Amino acid sequence: MTSLNIIFGLSIFGIIKTLYLIVERWQNKMPYCPVGFQCKLVLESKYNHLFFIRNDIVGLVGYLVIAATSLMLILHLGPTAIVQDILIGSIAFGVAVSLVLIYIQKYILHAWCFICLVSAINMVVMTGVLFLDFL
């Protein structure tokens with residue numbers, strides 16, 4: 001299994017996780033939140049918007065771009081260098097946003113969102129897989 005296949009699989013996981021979060025929000029439900037996490041506080045905070053767009057929508061778009069570009073590279077479609085740059089840029093943006101949101105949860109909100117942490121871990125793993133591919 002190549003790194004692109006792993007990244008594609010992780011992006012599909014991210015899409016499913018983010019769609020779950022969006023559907024729960026649309027149904028006015030709180031997503032799964034194990035004991036000790038304060039998902040409601042995090043998800044309803046003023047930090048749940050990036051550039052006036054909800055973080056779950058930004059995440060969904062990011063995961064869709066990562067899925068599309070990794071699939072294009074797997075299938076050898078499109079201009080490889082440009083598609084690869086878009087993939088790398090999307091993952092870099094995703095992990096940067098994830099790290100900022102982790103900082104906000106820890107130091108500003110003093111509360112943790114389980115699904116948000118799963119997303120951040122997913123982005124860090126994608127970054128690691130991408131990094132290992134370049135070694």
Side-chain angles (χ1 to χ4, degrees):
M1 181 177 279
T2 69
S3 60
L4 289 172
N5 294 86
I6 295 168
I7 290 171
F8 178 73
L10 290 169
S11 66
I12 296 301
F13 171 73
I15 289 167
I16 293 167
K17 175 212 55 78
T18 307
L19 285 172
Y20 162 74
L21 192 60
I22 291 168
V23 168
E24 292 293 290
R25 179 171 51 84
W26 284 347
Q27 294 178 349
N28 291 317
K29 295 180 183 176
M30 201 44 56
Y32 174 73
C33 193
V35 174
F37 288 89
Q38 297 168 312
C39 301
K40 183 175 178 138
L41 180 71
V42 174
L43 295 173
E44 293 179 356
S45 78
K46 68 179 182 178
Y47 302 101
N48 197 16
H49 292 78
L50 181 67
F51 309 118
F52 307 105
I53 302 171
R54 291 190 63 92
N55 292 345
D56 51 12
I57 302 298
V58 173
L60 179 61
V61 170
Y63 282 124
L64 287 169
V65 170
I66 293 167
T69 53
S70 60
L71 187 60
M72 288 174 70
L73 291 169
I74 290 167
L75 299 175
H76 305 289
L77 302 173
T80 303
I82 293 170
V83 174
Q84 188 174 18
D85 287 346
I86 293 169
L87 175 64
I88 292 167
S90 298
I91 293 174
F93 178 77
V95 80
V97 169
S98 294
L99 292 175
V100 168
L101 294 174
I102 286 174
Y103 175 88
I104 289 169
Q105 288 179 72
K106 179 166 177 60
Y107 295 107
I108 297 174
L109 297 174
H110 305 288
W112 295 102
C113 166
F114 176 75
I115 205 100
C116 307
L117 291 175
V118 169
S119 184
I121 291 167
N122 194 36
M123 289 306 305
V124 168
V125 171
M126 273 197 264
T127 302
V129 169
L130 191 64
F131 180 74
L132 289 175
D133 193 45
F134 286 103
L135 289 180

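Numbering starts at 1 and runs along the sequence shown. Just so it is clear, the model here is predicted, and its values are computed rather than measured. Worth knowing before you read on, the calculation uses all heavy atoms, side chains too, and leaves out hydrogens, waters and symmetry mates.
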Worked verdict on Tyr63 versus Met123 for side chain to side chain contact (heavy atoms under 4.5 Å, CB included): CA-CA 9 Å; Tyr63 282 124; Met123 289 306 305; 3.7 Å; yes
Kindly give the heavy-atom pair with the smallest separation between [X] and [Y], and that separation in Å.
{"X": "Ile91", "Y": "Thr127", "value": "CG2-OG1, 3.5 Å"}
{"X": "Gln38", "Y": "Ala111", "value": "OE1-CB, 3.0 Å"}
{"X": "Met30", "Y": "Glu24", "value": "O-OE1, 3.6 Å"}
{"X": "Ile66", "Y": "Ser90", "value": "CG1-CB, 3.7 Å"}
{"X": "Met72", "Y": "Gly78", "value": "CE-CA, 4.2 Å"}
{"X": "Val83", "Y": "Leu77", "value": "CG2-O, 4.3 Å"}

Full working for side chain to side chain donor-acceptor pair (under 3.5 Å) between Asn48 and Ser45: CA-CA 6 Å; Asn48 197 16; Ser45 78; over 6 Å; no
With the side chain counted from C-beta on, respond yes when [X] and [Y] share a heavy-atom pair under 4.5 Å apart, and no when they do not.
{"X": "Met126", "Y": "Val95", "answer": "no"}
{"X": "Phe37", "Y": "Val42", "answer": "no"}
{"X": "Ile7", "Y": "Leu87", "answer": "yes"}
{"X": "Ile102", "Y": "Trp112", "answer": "yes"}

Do you reckon [X] sits in the same ILVMFWY cluster as [Y], going by side-chain contacts under 4.5 Å, direct or chained?
{"X": "Val58", "Y": "Ile121", "result": "yes"}
{"X": "Val97", "Y": "Ile53", "result": "yes"}
{"X": "Val23", "Y": "Val61", "result": "no"}
{"X": "Tyr47", "Y": "Leu60", "result": "yes"}
{"X": "Ile6", "Y": "Phe8", "result": "yes"}

Enter the distance from [X]:[atom1] to [Y]:[atom2] here, rounded to the nearest 0.5 Å.
{"X": "Lys46", "Y": "Ile104", "atom1": "NZ", "atom2": "CD1", "answer": "9.5 Å"}
{"X": "Phe13", "Y": "Thr18", "atom1": "CZ", "atom2": "OG1", "answer": "9.0 Å"}
{"X": "Leu10", "Y": "Leu130", "atom1": "CG", "atom2": "CG", "answer": "11.5 Å"}
{"X": "Ile22", "Y": "Asp56", "atom1": "CD1", "atom2": "CG", "answer": "4.5 Å"}

Check SG atoms, Cys33 and Cys39, less than 2.5 Å apart: yes
OH/Tyr20: more than 12 non-hydrogen atoms of other groups inside 6.0 Å: yes
Please check this pair: side chain of [X] against backbone of [Y], looking for a donor-acceptor N/O pair closer than 3.5 Å.
{"X": "Tyr32", "Y": "Phe114", "result": "no"}
{"X": "Gln105", "Y": "Cys113", "result": "yes"}
{"X": "Ser70", "Y": "Ala67", "result": "yes"}

Worked verdict on Leu21 versus Arg54 for side chain to side chain contact (heavy atoms under 4.5 Å, CB included): CA-CA 11 Å; Leu21 192 60; Arg54 291 190 63 92; over 6 Å; no
Pairwise salt bridge (charged side-chain N to carboxylate O under 4.0 Å, His left out) hits with a residue in residues 63-79, at least two apart: none
Leu43 vs Cys116, side chain to side chain contact (heavy atoms under 4.5 Å, CB included): CA-CA, chis, key distance, verdict: CA-CA 9 Å; Leu43 295 173; Cys116 307; 3.9 Å; yes
